[in-house]
Every structure is written in C-alpha cells, then in structure tokens.
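Below you'll find the structure, written out as structure tokens, and then a few comments.
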2 protein chains.
Amino acid sequence: MDTGTPAAADTNKQPRTERGRRTLRKLLDAAAVEFGERGFHDASISGITARAGTALGSFYTYFDSKEAIFQALVRDMSEAVKVAAREALAEPASALERERAALTAFLRFAAEHKEVYRIIDEAEFVDPESYRQHYETTGARILDRLREGARKGELRADLEEAHAWAIMGMNVFLGLRYAVWGEGDLPAERVAAIAGDLLAKGIAVDR
Amino acid sequence: MDTGTPAAADTNKQPRTERGRRTLRKLLDAAAVEFGERGFHDASISGITARAGTALGSFYTYFDSKEAIFQALVRDMSEAVKVAAREALAEPASALERERAALTAFLRFAAEHKEVYRIIDEAEFVDPESYRQHYETTGARILDRLREGARKGELRADLEEAHAWAIMGMNVFLGLRYAVWGEGDLPAERVAAIAGDLLAKGIAVDR
DNA sequence: AGGAAACTTGAAACCTGGTTCATGTTTCAA
DNA sequence: TTGAAACATGAACCAGGTTTCAAGTTTCCT
C-alpha cells in the first residue's frame with residue numbers, strides 16, 4: 001500500500017530526517033496489516049511496532065494515539081483508491097464504458113487489497129469524519145462523470161446525486177460480495193459487465 | 001425496537017420466569033440505545049445496566065459477555081428489518097413497484113431507527129458471522145423477488161445473484177446518505193422513485 | 001405455607017493494553 | 001569534528017472496564 005508520500009497529517013510530528021520518513025512508512029504499512037487482520041480494537045500498538053520492527057515507544061514519535069494512526073491510514077488509503085480509479089479511467093470511452101471500467105478496477109483493487117476495504121469500512125466507527133469524507137468525495141467524482149456523460153448526450157440529463165450514490169452503493173456491495181468474500185466465483189469483468197448492463201438498460205424486460 | 005420474543009440465543013441463560021424475560025428485554029433495549037449512541041467499544045456494560053435500571057452483576061445472568069449481547073442484538077434487529085420489509089410488501093404490485101415499495105419502507109425504517117443501521121454495520125467487525133448472514137439472507141430475498149418478476153414476464157429472465165447484490169448495495173447506500181445522514185433533504189419517496197426509475201430504465205438516454 | 005430455584009445486587013478482583021518517560025543512539029548542518 | 005536536534009528504546013505506570021462472587025430477595029410450584 002505504498003502511495004508515496006504519506007498523506008499530510010499535519011501534527012507536530014512530521015519526521016525531519018530520512019530515517020524518520022522510513023520509520024513512519026514502516027509504521028503505516030505495519031498498521032495496515034495489523035488493523036486489516038485484527039480490526040481496530042483487537043489490533044494493538046505493540047502489534048504494530050512488532051511488525052514494523054521498531055520499539056513500542058517509537059510509535060509516539062510519529063502518532064499521538066491509536067486513533068491518530070488509524071486516521072492517517074484511512075486518508076492514505078482513500079487516496080490510494082482514488083488513484084487506482086483515476087488510472088483505470090485514463091483512456092477515453094463512452095460514459096457507460098467508463099463506469100464499467102471503474103468498477104472493474106475497483107473490484108480488482110479490492111481483491112488485491114482486502115485490508116483497505118475493511119479499514120475504510122471500520123472508519124465509520126473509529127473515524128466517522130474521514131469515512132464520510134471518503135464517500136462524499138467518491139460520490140462527487142461519480143456524479144461528475146455522470147454529468148459529463150449527460151453533456152455528451154450519452155446519459156440522461158436528469159441524473160443527480162442520488163444516482164451517483166446508488167451506483168456507488170452497487171459498486172461497494174459487489175466489491176464486498178465478489179472481491180472480498182468471493183473466492184473468484186465470479187471474475188471482476190463478469191461482475192462489472194452485469195452491473196454495467198444494469199446501468200445501461202435496467203432490469204425490466206426489453207421494450 | 002421490540003420485536004416480541006428475543007431472538008433465540010440458546011445459551012444456558014434463557015430466563016425461566018416472567019421477571020427474567022422482562023429483565024432480558026430491558027437489557028436488550030438498553031443495549032440498542034447504548035451501542036447505537038456510543039458504538040461497541042465506547043459502550044460499556046455498566047452503561048447498559050444503568051440504562052436498563054438493573055445491577056451490573058445481573059447482566060451476567062443473561063449474557064456471557066459484551067460480544068454475546070451484541071450478537072443477540074444484531075440477530076434481533078436483522079429480524080426487525082426483515083419484518084418491516086415484509087409488511088411493506090403485503091399488497092401485490094408489479095415487480096418494479098415492489099422494489100420501489102421495499103426501498104421506501106427501508107428508508108423510513110432506517111430514518112426511524114438509525115441505531116439499527118449503525119449496529120448492523122458495526123457487526124462487520126464485532127460479529128462478522130451475523131453480519132454476513134444478515135446480508136446473505138437479505139440478498140436471497142431480493143433475488144427471490146427478481147425471479148418471481150421474471151417468471152411473471154415483467155423482469156428480464158437473466159437476473160442473478162449479482163443483480164440482487166447490486167440492488168441491495170444501492171438501497172443500503174441510499175439509506176446511509178438520505179435516511180441516516182440526510183436531514184430530509186430528499187424524502188424517502190423521492191429517493192425510492194429515483195432508484196426505481198434507475199432499475200426500470202437504466203441511466204442511458206432513452207432509446 | 002414452605003422451600004428450592006431463579007433472580008438481584010454492587011463491591012472488588014483482575015486484566016489488558018495505551019501511554020509516559022528517562023536514558024541512550026544516530027543524524028546532519030556548520 | 002562537534003554538538004544540538006532528531007530519533008529509538010522498553011520497562012513501568014495507570015486508567016478503565018469486564019467479570020466474579022458471596023450474600024440477599026423474589027418467584028412459583030406443590
């Protein structure tokens with residue numbers, strides 16, 4: 001889960017040294033594994049530092065508390081999801097194609113990084129503000145794409161926020177079922193095709 | 001949140017007396033409030049017993065642990081959601097109408113019982129087995145309705161589990177955004193109408 | 001009425017794990 | 001080279017909450 005620069009957590013704890021940056025990164029990576037495997041409460045700081053190969057006390061050089069590192073992690077990961085999606089949307093395509101591609105990318109990402117899924121979900125309880133922000137910005141990005149599609153005359157002109165949230169919910173639950181829980185019973189492309197088809201035509205009989 | 005008989009948690013702790021059943025119910029109701037307000041970890045047993053108006057020690061007459069009462073609660077609530085949905089589906093209607101009615105009911109229920117929403121969501125981390133079961137059975141019920149609609153020639157014949165999960169995800173996220181977070185910026189009927197329309201026709205321009 | 005089982009009580013034992021801190025080591029700019 | 005700031009270390013501290021328990025009280029069946 002290395003996204004490069006750790007998301008700006010501007011406490012008074014920013015490392016000022018190369019060594020410091022390395023340790024911070026090690027802690028963040030270790031925390032991703034620890035929180036992903038055990039969940040916020042069963043996770044322990046000593047578990048994190050043990051995985052990171054640092055001393056317990058070092059933790060507090062970089063973070064004020066267990067909550068603080070969790071928050072840094074959520075923001076880091078929210079960013080990583082965003083980046084993965086942006087990459088999938090690189091080449092131009094029709095609006096519907098783009099939604100399908102975005103979902104395929106999301107499903108692949110979720111299968112590859114199940115811990116991200118879990119940690120962002122758990123943020124609903126541990127760090128509600130970041131959770132809300134994650135889904136609000138994600139929803140806003142989807143809505144932008146829908147509006148763009150409408151502008152090009154490919155999508156209906158009356159699409160609004162609720163449509164974006166509907167699509168987002170669809171994606172998240174398909175991710176949970178087929179990427180996180182599923183053992184590949186349905187491949188990402190297949191799931192994305194079904195959802196794309198639903199978006200294209202609805203579920204009613206063809207008219 | 002009184003669903004009648006507390007869901008069968010067949011430990012060796014079933015009450016054998018009327019008084020016992022009353023206390024058990026009080027604890028369950030108090031726990032719903034406590035967990036809903038503070039989340040699993042910030043919630044405390046003494047907070048629950050205080051709200052219930054019983055002694056701390058009495059808790060252990062009925063439940064083995066904090067996890068145990070949480071699990072009982074999740075199952076109780078999963079049942080309550082199911083019941084609320086069933087009631088909304090009482091009178092017959094077209095398949096698409098039924099989905100819209102189910103969503104309306106769900107949104108109303110979620111707005112009315114935000115704590116249910118939160119507790120079931122938190123079960124993903126506190127009691128994963130119950131969480132999974134809740135969504136698997138809910139998904140299965142949706143799929144049943146879709147198949148019934150297909151049988152009647154109202155819905156496409158190729159609908160499968162993934163469609164049901166897509167719809168479920170849509171519903172859950174719309175519930176989160178508009179029932180739990182929203183302050184009535186969009187009323188339940190309006191949200192359900194948008195989602196119903198999406199299911200009926202998709203988001204592409206009309207052909 | 002009588003007594004056994006069910007239930008209640010709340011003080012205190014007990015644990016767990018987050019956080020602090022005093023001491024030592026490494027980095028890096030001058 | 002040098003010294004001040006940054007960083008590392010882990011034992012010990014400590015708060016808070018779960019769980020236990022021994023001593024009552026209430027229920028309910030016969």
Side-chain angles (χ1 to χ4, degrees), chain A residues 5-6 9-31 33-73 122 125-127, chain B residues 5-6 9-31 33-73 122 125-127:
Chain A
T5 320
D10 45 37
T11 67
N12 54 330
K13 305 238 169 181
Q14 302 281 42
R16 276 151 226 278
T17 299
E18 183 49 36
R19 177 167 66 146
R21 274 183 288 275
R22 273 202 311 274
T23 305
L24 173 56
R25 189 72 250 166
K26 280 197 294 181
L27 285 171
L28 241 16
D29 290 342
V33 178
E34 175 82 1
F35 284 131
E37 252 171 40
R38 331 225 313 183
F40 183 78
H41 292 285
D42 290 349
S44 68
I45 311 267
S46 58
I48 293 172
T49 53
R51 287 180 204 267
T54 69
L56 183 48
S58 295
F59 178 90
Y60 291 89
T61 303
Y62 298 97
F63 301 98
D64 286 326
S65 65
K66 197 179 172 185
E67 278 76 17
I69 193 174
F70 189 88
Q71 170 170 345
L73 207 52
E122 195 162 15
F125 307 100
V126 178
D127 180 15
Chain B
T5 320
D10 45 35
T11 65
N12 53 329
K13 304 238 169 180
Q14 301 280 46
R16 277 152 226 277
T17 299
E18 183 49 34
R19 177 167 64 146
R21 274 182 288 275
R22 273 202 312 274
T23 304
L24 174 56
R25 189 71 250 168
K26 281 197 293 181
L27 285 171
L28 241 17
D29 290 342
V33 178
E34 175 82 0
F35 284 132
E37 253 172 40
R38 330 224 314 180
F40 184 78
H41 290 284
D42 291 348
S44 69
I45 311 267
S46 58
I48 293 171
T49 54
R51 287 180 203 268
T54 68
L56 184 48
S58 294
F59 178 89
Y60 291 89
T61 304
Y62 299 98
F63 301 98
D64 286 325
S65 65
K66 198 178 170 185
E67 278 76 17
I69 194 176
F70 188 89
Q71 169 169 350
L73 205 52
E122 195 161 15
F125 308 100
V126 178
D127 180 13

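Protein chains get the first letters and strands the later ones, always in sequence-line order, with residue 1 at the start of each.
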To the nearest angstrom, how far is B:Lys13 atom NZ from C:dA5 atom P? 18 Å
Assign each of A:Gly57 and B:Ser46 the nucleotide of DNA chain D bearing its closest heavy atom; nearer the 5' end lies the nucleotide of A:Gly57
Would you mind classifying the nucleic acid contact of B:Ser58 as base, sugar-phosphate or nothing, using non-hydrogen atoms under 4.0 angstrom? base
Counting only Watson-Crick or G-U wobble pairs whose two distances fall under 3.5 Å, which nucleotide matches C:dA30? D:dT1
Given D:dA6, C:dT9, D:dA8, which nucleotide is nearest the side-chain atoms of B:Ala55? C:dT9
Side-chain N or O of A:Ser44 closer than 4.0 Å to phosphate OP1/OP2 of C:dT16: no
Indicate, with a heavy-atom threshold strictly under 4.0 Å, whether B:Gly20 touches base, sugar-phosphate, or nothing. sugar-phosphate
Atom pair distance, as rounded to whole Å: CD1 in B:Ile48 and P in D:dG17: 12 Å
Within this structure, what is the CD-to-C1' distance between A:Glu67 and C:dG18, rounded to whole angstrom? 10 Å
Does A:Gly47 offer a backbone N or O that forms a donor-acceptor pair with the side chain of A:Ser44 under 3.5 Å? yes
A side-chain contact here means heavy atoms from C-beta on lying under 4.5 Å apart; do B:Arg25 and B:Tyr62 qualify? no
Measure from CZ on B:Phe63 to C1' on D:dT18 and round the result to the nearest Å. 16 Å
Within-4.5 Å side-chain heavy-atom neighbours: B:Phe59 and B:Ile69: yes
Nearest to the B:Thr54 side chain among C:dT19, D:dT19, C:dT9, which nucleotide is it? C:dT9
A:Leu56 near the nucleic acid: base, sugar-phosphate alone, or nothing, with a heavy-atom cut-off under 4.0 Å? base
Sidechain-backbone polar pair: A:Glu122 side chain, B:Phe125 backbone, donor-acceptor under 3.5 Å: no
Can you identify which nucleotide, out of D:dC7, C:dC28, D:dT18, has its nearest atom closest to the B:Tyr60 side chain? D:dT18
Atom pair distance, as rounded to whole Å: CZ in B:Arg22 and P in C:dC7: 11 Å
Whole-Å distance separating the NZ atom of B:Lys26 from the C1' atom of C:dT9: 13 Å
Classify A:Ala43 by what it touches in the nucleic acid, base, sugar-phosphate, or nothing, heavy-atom distance under 4.0 Å. sugar-phosphate
Length of the NZ-P vector between A:Lys66 and C:dG17, whole Å: 8 Å
If only side-chain N and O atoms of B:Thr17 are considered, is one of them under 4.0 Å from the OP1 or OP2 phosphate oxygen of C:dC7? yes
Evaluate the ring planes of B:Phe40 and B:Phe35, with Trp represented by its six-membered ring, and classify them as parallel (under 30°), tilted (30 to 60°) or perpendicular (over 60°). parallel
Between C1' on D:dA8 and CZ on A:Arg19, what's the gap in Å once rounded to a whole number? 7 Å
